[in-house]
Amino acid sequence: MRTSKFLISTLKEVPAEASVASHQLMLRAGLIRQLASGLYVWLPAGLRVLNKAENIIREEMDKSGALEINMPVVQPAELWQESGRWEKYGPELCRFRDRKENSFVLGPTHEEVVTWLASYEVKSYKQLPLNLYQIQTKFRDEVRPRFGVMRGREFVMKDAYSFHTNLESLHETYQLMYDTYNRIFTRMGLFFRPVEADTGSIGGNHSHEFQVLADAGEDIIVFSNESDYAANIEMAEAPMPAEERKAPAESLTKVATPDAHTVEEVAAFLKRDVSTVAKTLVVHGETPEGQDCLVMLVLRGDHELNEVKAEKIPGISAPLTFASEKEIQETLGALPGSLGPVGFKGRIIVDRAASVMSDFCTGANETGFHYTGANLVRDIPEFEVQDLRNIVAGDPSPDGKGTVILKHGIEVGQVFELGTKYSAAMGATVLDENGKNIPMEMGCYGIGVTRVIAAAIEQNHDDRGIIWPDALAPFQVALIPLNYGKSAQVTETADKLYEDLIQAGAEVLLDDRNERPGVKFADMELLGIPHIVIIGDKTLQEGAVEYEARKDLAKTKVPLTDIRNLLREKIGK
RNA sequence: CGGUGAUUAGCGCAGCCUGGUUAGCGCGUCUCGUUAGGGACGAGAAGGUCGGAGGUUCAAAUCCUCUAUCACCGACCA
């Protein structure tokens, strides 16, 4: 490709809407343009990268034995009503009606459609296992699109769905996909880790996320400093403290704490550490009889509630909903900021770390008052202990080896064992060896293709621009002739080299624009092309050209006779 | 969805508070010339419903009301 025939849409200045490096660079390098919130046009250079990523995924999926299909973006609402997600999915599911007033959705994922498909196509255990995948556009009306294509509303996803007669077969394919994902992200040159994950709204039993480690990531990943333990913070169990709860030493004393509403304010007012104050949160729940009720969650003041853990506890509403001020006032007679478990008649769940506190401070359920010297059992006879909090750096690792470290990650893929959740709900059954109808076991496996591009840039850039891993680069080689079209020897050399490399099957961008050298250097470096060759009269006098590696910007003079072979070796052509 | 802020040329911004000529600046774009190894210089030019609607006023980018869109901070997910 010649730049004169290509669309080079680089920007000098950073558009105001971009805050993270990948978003800024994708706009500056001319890979994408924003059409509306969370919606992006992929420009030619960007699309080349996207296609590279898709092809790697396609090759590895095919190698694993998965079969590519294509399902519609638009899906009938009935399928979603059948699976039960019509109610559960919430407003990010974009719903609409067609001219006949029939309800449809824009597919945010395709479990329903693929299960419908499998129920039609698969009748016998002999056809299983089967793994179907597609690379296709999804739409989720995200509450808060941000960071460019990292969290867009419309995005490209590779989603695969596997079908099995038994769990053993499902485990096998799960492991196969796990290994395939490792190969895919390794080929893309990413620094990533598979981590244990929550199954979220898709539902299921067993799951790993593939996380690209980068500071801009929105997820927090928990690692052990001694073992290979790695999990999403949503999942990471905060172990029971080793120490025993001390016997009460103080008596329960009510103290006035005017205008102190947060744990920090109370701690500061009473001149004690936040970790000696118990934090009380009130959420909605259900009694075993099915009655709505309020449940108290008690945590140490310096700890954070883990909502995923909380909503998994039976009897607590999912999604987790906090009681409103009005509800709290009516039930407890006090406002949030002065709440506590002492004297509360309902269900009280105490976090493991909070369960070993003694002589702590907590709200008195009377606005403006707290207790000091509060103690479990003595002052709060009825309570249960659960893991409720986010693990923090320095806590013992959940696997018992070492302590934990927290890092940010970008979730680029996830593998799930779904079980029979969808097949049972939607009647996707097969006849087994005994002629019995059984629902198929299912797995599902996603990769955020557009997101992976952003993740790759987060991990690979410098102050001049993007540094593409070889496998994702829009072009492998950039040729920068200086004085192209004016100097005959430069023009001839550049054209010849260009033709040779094209013949060899290389992806080459020849910058034949009538621009000053600085402009060309800056553009090619911003665009992140891994291998750059500079062809100028000065070095040609010595029968040489210059080779620049984008990775480290190192320039070396290379004899003209060697440059073809050097490049072909670098790009493996 | 809540809170905060923004919307003026392709991009980045000033002007608004205190209403009053032809709405400016930098970058980019086009033409001509000089240049040519790190986003050059000179001369000229094109490009604006001041987000939209309504109102106040002799007069609105500027004041008021409504509305749309975008961004940032908190609850979702590939």
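Chain naming here is simple, since letters A, B, ... match the order of the sequence lines and numbering starts at 1 in each. What's counted below: heavy atoms across the whole structure, side chains too, no hydrogens, waters or symmetry copies.
- Atom CD in A/Gln414 sits roughly 5 Å away from atom P in B/A78 (whole-Å rounding).
- A/Arg144 pairs by the side chain to side chain donor-acceptor pair (under 3.5 Å) definition with nothing, not counting sequence neighbours.
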* Asked: Step by step, would you call A/Tyr178 with A/His208 a ring-ring contact (aromatic ring centres under 6.0 Å, His included)?
  -> CA-CA 8 Å; A/Tyr178 184 96; A/His208 284 88; 5.1 Å; yes
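- By the side chain to side chain donor-acceptor pair (under 3.5 Å) test, A/Lys5 pairs with no residue at all, sequence neighbours left out.
- Closest to the side chain of A/Lys12, from the set B/C77, B/A40, B/G38, is B/A40.
- No cation-pi contact links A/Arg33 to A/Trp42, judged by a cut-off of 6.0 Å to the six-membered ring centre and 45° from its axis.
- Among residues two or more places apart in sequence or in another chain, the side chain to side chain donor-acceptor pair (under 3.5 Å) test is passed with A/Arg28 by none.
- For A/Thr10, the side chain to side chain donor-acceptor pair (under 3.5 Å) partners are A/Asp523, not counting sequence neighbours.
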Listing time: all N or O pairs from protein to nucleotides 1-11 of chain B that are below 3.5 Å?
from, atom 1, to, atom 2, distance (Å)
B/C11, O2, A/Glu13, OE1, 3.4

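- Applying the side chain to side chain donor-acceptor pair (under 3.5 Å) test to every pair with at least one member in residues 184-196 of chain A, sequence neighbours left out, gives these pairs: A/Glu59-A/Arg187, A/Glu60-A/Arg187.
- The A/Glu525 side chain lies nearest to B/G38 when the options are B/C77, B/A36, B/G38.
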Are any protein N/O atoms closer than 3.5 Å to N/O atoms in nucleotides 42-53 of chain B? If there are, list each pair with its distance.
none

Nucleotide N/O of nucleotides 29-35 of chain B paired with protein N/O under 3.5 Å:
from, atom 1, to, atom 2, distance (Å)
B/U35, O2, A/Arg516, NH1, 2.7

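- Looking at the side chain of A/Gln34, the nearest of the listed nucleotides B/G38, B/C70, B/C76 is B/C70.
- Take A/Asp179 and apply the salt bridge (Lys or Arg N to Asp or Glu O under 4.0 Å) test, not counting sequence neighbours, and it matches no residue.
- Evaluation of the salt bridge (Lys or Arg N to Asp or Glu O under 4.0 Å) rule for A/Arg153 yields A/Asp141 as partners, not counting sequence neighbours.
- As a whole-Å value, the separation of A/Glu411 CD from B/A78 P is 5 Å.
- When Watson-Crick and G-U wobble pairs are counted only if both distances are under 3.5 Å, B/G39 pairs with no nucleotide at all.
- Residue A/Asp523 places its side chain closer to B/G39 than to any other of B/A78, B/C76, B/G39.
- Applying the salt bridge (Lys or Arg N to Asp or Glu O under 4.0 Å) criterion to A/Lys52, with sequence neighbours excluded, gives A/Glu507.
- With a cut-off of 3.5 Å on both pairing distances, B/A46 has no Watson-Crick or G-U wobble partner at all.
- When both distances must be under 3.5 Å, the Watson-Crick or G-U wobble mate of B/C1 is B/G74.
- If you measure from atom CZ of A/Phe185 to atom P of B/A78, you get 12 Å, rounded to the nearest angstrom.
- Checked against B/A78, B/G37, B/G39, the side chain of A/Val519 finds its nearest nucleotide in B/G39.
- Looking at residues two or more places apart in sequence or on another chain, you find a salt bridge (Lys or Arg N to Asp or Glu O under 4.0 Å) between A/Lys496 and A/Asp500.
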